[in-house]
Amino acid sequence: MTGIAAPRMRGGPAPLACSHDDMTHVKLTWVEKQIEHWIRFGREAHNQILDRRRRIVSFRPHAVFAFVRWAANEFGTITSRIDIVRAIEPGEPHQTLPFVHPGGEILLKVEGWPKVENVLRHVDAIEAIGIDADAISPDHWRHVHNRMVAGYQPHAYTLEQHRAFLLRRRTEL
């Protein structure tokens, strides 16, 4: 046994980048046309490249990000999914999510490429009006999730909604 392998052999998890801090870490893998995990939006606080196919991105508490996962085999797509997540404070209740440590508050969870593509178009529309998708009201992402689960088109996010959200957030501080 080598010194590097010994801790993992005893059942300890492989260390995450900066696991001693209060950030949320997302493991990303990119194997062209097999496994493709990426961040669609969100302000990364740290980015650690593990090798040419894997990296770990980290987000500060309260940061919102979109995590897209897609996988395929020789027969076609196995899974496609997008999760919009709010990074948590240490000790805050949270939901677990594969490849996200320790987890987060899941604002939107969609599976299946047509629905994922619809969410990506929604993100594009928000960015087209000049708003960063990670800066909008978390309630809007919940709205998009609920409408899509019910089989309806979500309502567009508007500048008026965004101004109201910013004013509400300012009064809560």
Side-chain angles (χ1 to χ4, degrees), residues 23-49 52-73 75-88 94-101 103-170 172:
M23 290 197 270
T24 297
H25 307 281
V26 183
K27 293 180 182 180
L28 302 176
T29 303
W30 188 274
V31 180
E32 191 74 31
K33 298 185 181 184
Q34 291 179 12
I35 300 171
E36 299 177 2
H37 298 174
W38 74 92
I39 299 297
R40 171 56 183 85
F41 65 79
R43 289 184 178 87
E44 299 171 7
H46 183 22
N47 185 356
Q48 179 186 11
I49 297 173
R52 57 181 222 151
R53 293 182 172 173
R54 298 176 307 131
R55 65 187 176 114
I56 298 173
V57 294
S58 303
F59 297 91
R60 289 189 173 86
H62 305 288
V64 174
F65 59 93
F67 179 33
V68 182
R69 291 181 280 158
W70 178 87
N73 61 18
F75 301 108
T77 299
I78 299 169
T79 186
S80 53
R81 177 180 179 137
I82 185 168
D83 297 285
I84 298 180
V85 181
R86 184 186 65 82
I88 57 162
H94 62 276
Q95 294 130 326
T96 59
L97 186 63
F99 309 105
V100 178
H101 180 77
E105 178 185 0
I106 300 172
L107 304 174
L108 175 143
K109 177 173 70 172
V110 171
E111 296 184 54
W113 184 247
K115 290 180 180 180
V116 169
E117 195 172 35
N118 198 1
V119 172
L120 293 173
R121 276 196 293 272
H122 195 79
V123 171
D124 290 342
I126 290 167
E127 292 173 343
I129 61 173
I131 301 171
D132 291 332
D134 63 333
I136 73 167
S137 169
D139 292 336
H140 184 72
W141 292 124
R142 292 181 188 102
H143 158 78
V144 173
H145 168 84
N146 291 333
R147 295 283 293 189
M148 292 189 78
V149 166
Y152 293 106
Q153 236 355 71
H155 299 294
Y157 192 72
T158 64
L159 286 171
E160 292 78 23
Q161 282 178 290
H162 191 61
R163 285 187 197 110
F165 164 66
L166 294 175
L167 287 171
R168 185 179 76 206
R169 189 171 65 182
R170 194 178 320 149
E172 291 173 351

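Nearest heavy-atom pair across Ser58 and His25 is OG-ND1, 2.6 Å. Taking every heavy atom of both residues into account, Arg55 and Ile49 meet most closely at CB-CA, 3.9 Å. Val85 and Gly104 get closest at one heavy-atom pair: CG1-CA, 3.8 Å. Pairing each heavy atom of Lys33 with each of Glu36, the nearest pair is N-OE2, 2.8 Å. Closest approach of Ala133 and Val123 over heavy atoms only: CB-CG1, 3.9 Å. Between Ile106 and Thr96, the closest heavy-atom pair is CD1-O, 4.1 Å.
Here CG of Leu159 is found 4.5 Å from CD1 of Ile129. Values are rounded to the nearest 0.5 Å. Atom-to-atom distance recorded for Trp141:CH2 and Asp139:CG is 12.5 Å, nearest 0.5 angstrom. Atom CG of Leu28 sits about 11.0 Å away from atom CZ of Arg54, to the nearest 0.5 Å. To the nearest 0.5 Å, the span separating CG on Asp83 from CG on Leu108 amounts to 7.5 Å. Separation of atoms NZ (Lys27) and NE2 (His37) is listed at 11.5 Å; rounding is to 0.5 Å.
When side chains are defined from C-beta on, Arg53 does not count as touching Trp30, because their heavy atoms never get closer than 4.5 Å. A 4.5 Å side-chain heavy-atom check between Ile78 and Gln34 finds every atom pair outside the cut-off. Residues Phe65 and Val57 fail the side-chain proximity criterion, which asks for heavy atoms closer than 4.5 Å. The shortest distance between side-chain heavy atoms of Ile82 and Phe67 does not fall below 4.5 Å. When side chains are defined from C-beta on, Pro138 counts as touching Phe165, because their heavy atoms get closer than 4.5 Å. Put simply, the side chain of Thr79 does not reach to within 4.5 Å of the side chain of Arg69, judged on heavy atoms. At a threshold of 4.5 Å between non-hydrogen side-chain atoms, the residues Phe59 and Met23 do not count as touching. Counting heavy atoms from C-beta outward, His145 and Arg142 have side chains that stay 4.5 Å or more apart.
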Considering only distance and modelled atom types, tabulate donor-acceptor pairs under 3.5 Å from the side chains of residues 109-121, sequence neighbours left out.
unit_1, atom_1, unit_2, atom_2, d
Asn118, OD1, Gln153, NE2, 3.4
Asn118, ND2, Gln153, OE1, 3.0

Apply side-chain contact (heavy atoms from CB on, under 4.5 Å) to Tyr152 and Asn146, showing your working. CA-CA 9 Å; Tyr152 293 106; Asn146 291 333; over 6 Å; no
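Checked against a 6.0 Å centroid threshold, the rings of His140 and His122 count as neighbours.
For the salt bridge (charged side-chain N to carboxylate O under 4.0 Å, His left out) criterion with Asp134, the lone passing option out of Arg40, Arg43, Arg60 is Arg43.
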